[in-house]
Amino acid sequence: MIRNVASGKSFSNRRDQTLAQPLRVLMVCPRYLPEFGGTEMHVHEVARRLLAFGRFEITVLATDRSRRLPRQEVVAGIPVLRVPSWPRKRDYYLAPGIASVIRQRRWDLVHCQGIHTPVPLLAMISARRVGIPYLVTFHTGGHSSRLRNAMRTIQWRLAGPLLRNAVSLIAVSPFEAAALTRHAHLGGKRVIVIRNGGSLPSPHPGTIAVPGRIVSSGRLERYKGHHRVIEALPYVMREIPEAHLQILGSGPYESKLYELARHLGVSDRVSIKRVAPADRRGMATMLAESSVVAALSDYEAHPVAVMEALYVPRGAPVAAVAQELVKAMSSPSLVDRAQLPSWDSCVDRLAHVYLSSLGIVPDSRGLRMQDTVSQTDREGMGS
């Protein structure tokens with residue numbers, strides 16, 4: 001049975017229900033802004049666009065290892081709740097407070113964002129116990145620890161029974177959908193693929209590509225592969241003397257990257273810059289200044305940070321990486337922007353998944369964000 005969001009009563013699964021009042025959705029994720037990463041940016045982009053529809057009340061529930069962030073606040077119009085998680089300096093995210101928030105029973109739907117920490121597991125268990133429908137977007141990713149990477153498939157298998165009871169499962173790529181179907185033993189359970197968006201506002205006027213600039217974007221962790229671009233840089237410089245690398249991100253691997261650059265004699269050609277999560281125009285400008293963007297992560301389900309990226313298979317020799325970088329910088333871009341997924345298209349599909357998961361169909365107004373958001377507001381969102 002699914003609760004009628006208009007009356008509070010229950011009704012059997014039907015496809016002819018309309019949305020008489022906003023659907024109350026709790027998005028649960030391990031971290032949220034100002035902590036920054038691909039999943040955090042995904043949640044931020046989709047949550048504010050869903051709010052713009054006027055058909056959804058979105059609340060984000062995240063954890064806080066630092067105990068310094070507000071327990072409640074509003075970020076860009078989005079209500080955010082935070083509960084403490086342990087331990088402070090590890091990414092285990094043990095947060096028993098999640099259960100008490102979900103037990104409030106005022107949610108129509110719980111959306112678990114991510115599958116690789118205890119957070120979604122506790123959220124799924126809690127939602128199931130109080131009879132709230134839940135869905136999951138996987139957001140799988142890599143880790144710098146080989147042991148943690150090896151344990152991922154075990155984690156997914158253990159999560160299988162909870163995932164099979166979700167009203168909907170969402171992957172951000174066909175690869176991710178196939179991997180979870182196999183490792184979590186999902187059987188005939190349908191997995192919907194909704195790709196991440198990648199739109200950004202226009203760069204600052206007058207921005208042009210800087211000759212020889214390579215950009216590598218993402219959190220400073222070993223598995224993100226920034227070190228592989230540094231290792232290739234001396235080879236690239238033989239063909240393109242002005243070649244230099246700008247890494248966009250922050251994280252614990254920063255000192256190791258600078259140390260590697262010094263060891264290879266390219267410290268004057270490597271810079272690391274942190275871009276504030278809210279500075280979308282700044283990110284657009286830095287990407288527009290690149291001659292090529294390199295994405296050499298060991299694992300990404302569907303990377304958010306890279307708009308136009310060079311992919312070289314894991315384990316490729318340094319010289320091969322350098323050759324591909326040189327080739328990319330010497331060739332015109334072949335990317336058709338019209339074919340790239342946008343956050344608007346991502347959210348449009350997600351909104352329909354929310355409604356169909358509860359047996360609700362849109363009313364006669366449909367689900368078009370431009371009904372409630374001005375062009376100026378859309379540019380501010382980064383569309």
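The figures here come from the full heavy-atom set of this structure, side chains too, leaving out hydrogens, waters and symmetry mates.
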Item to check | Nearest heavy atoms of S330 and V326, plus distance in Å | outcome: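 In this case the closest contact between S330 and V326 is OG-O, 2.8 Å.
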Item to check | Criterion side chain to side chain contact (heavy atoms under 4.5 Å, CB included) on N165 and M124, from CA distance to verdict | outcome: CA-CA 9 Å; N165 277 282; M124 286 188 282; over 6 Å; no
Item to check | Carboxylate-amine/guanidinium proximity below 4.0 Å for R274 and E254 | outcome: no
Item to check | Salt bridge K327-E324, side-chain N to carboxylate O under 4.0 Å | outcome: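 Here K327 pairs with E324 in a salt bridge, since their nearest N and O are under 4.0 Å apart.
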Item to check | From CA spacing to verdict: side chain to side chain contact (heavy atoms under 4.5 Å, CB included), V46, M27 | outcome: CA-CA 10 Å; V46 301; M27 285 191 181; 3.8 Å; yes
Next on the checklist: One pair to check against side chain to side chain contact (heavy atoms under 4.5 Å, CB included): F138 and L163. What are the steps and the verdict?
Outcome noted: CA-CA 10 Å; F138 299 136; L163 294 174; 4.2 Å; yes
Item to check | Non-neighbouring partners of Y354 that pass ring pair (Phe, Tyr, Trp, His ring centres under 6.0 Å), sequence neighbours left out | outcome: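 Y354 satisfies ring pair (Phe, Tyr, Trp, His ring centres under 6.0 Å) with F56, H111 only.
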Checklist outcome for this item: Residue set satisfying ring pair (Phe, Tyr, Trp, His ring centres under 6.0 Å) with H244, at least two apart, ordered chain then number -> none
Checklist entry - Under the 3.5 angstrom rule, does the side chain of R269 hit a backbone N or O of A243 as a donor-acceptor pair? => result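 Side chain of R269 to backbone of A243: a pair is present.
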Item to check | R349 side chain to V193 backbone, donor-acceptor under 3.5 Å | outcome: yes
Checklist entry - What class does the angle between the rings of H42 and H139 fall in, given that below 30° is parallel, 30 to 60° is tilted and above 60° is perpendicular? => result perpendicular
Checklist entry - Taking the six-membered ring for Trp, are Y253 and H227 parallel (under 30°), tilted (30 to 60°) or perpendicular (over 60°)? => result perpendicular
Item to check | Pair R164-H185, side chain to side chain contact (heavy atoms under 4.5 Å, CB included): steps then yes or no | outcome: CA-CA 9 Å; R164 289 192 291 272; H185 299 165; 4.1 Å; yes
Next on the checklist: Once rounded to the nearest 0.5 Å, what's the spacing between atom CG of D348 and atom CH2 of W343?
Outcome noted: 14.5 Å
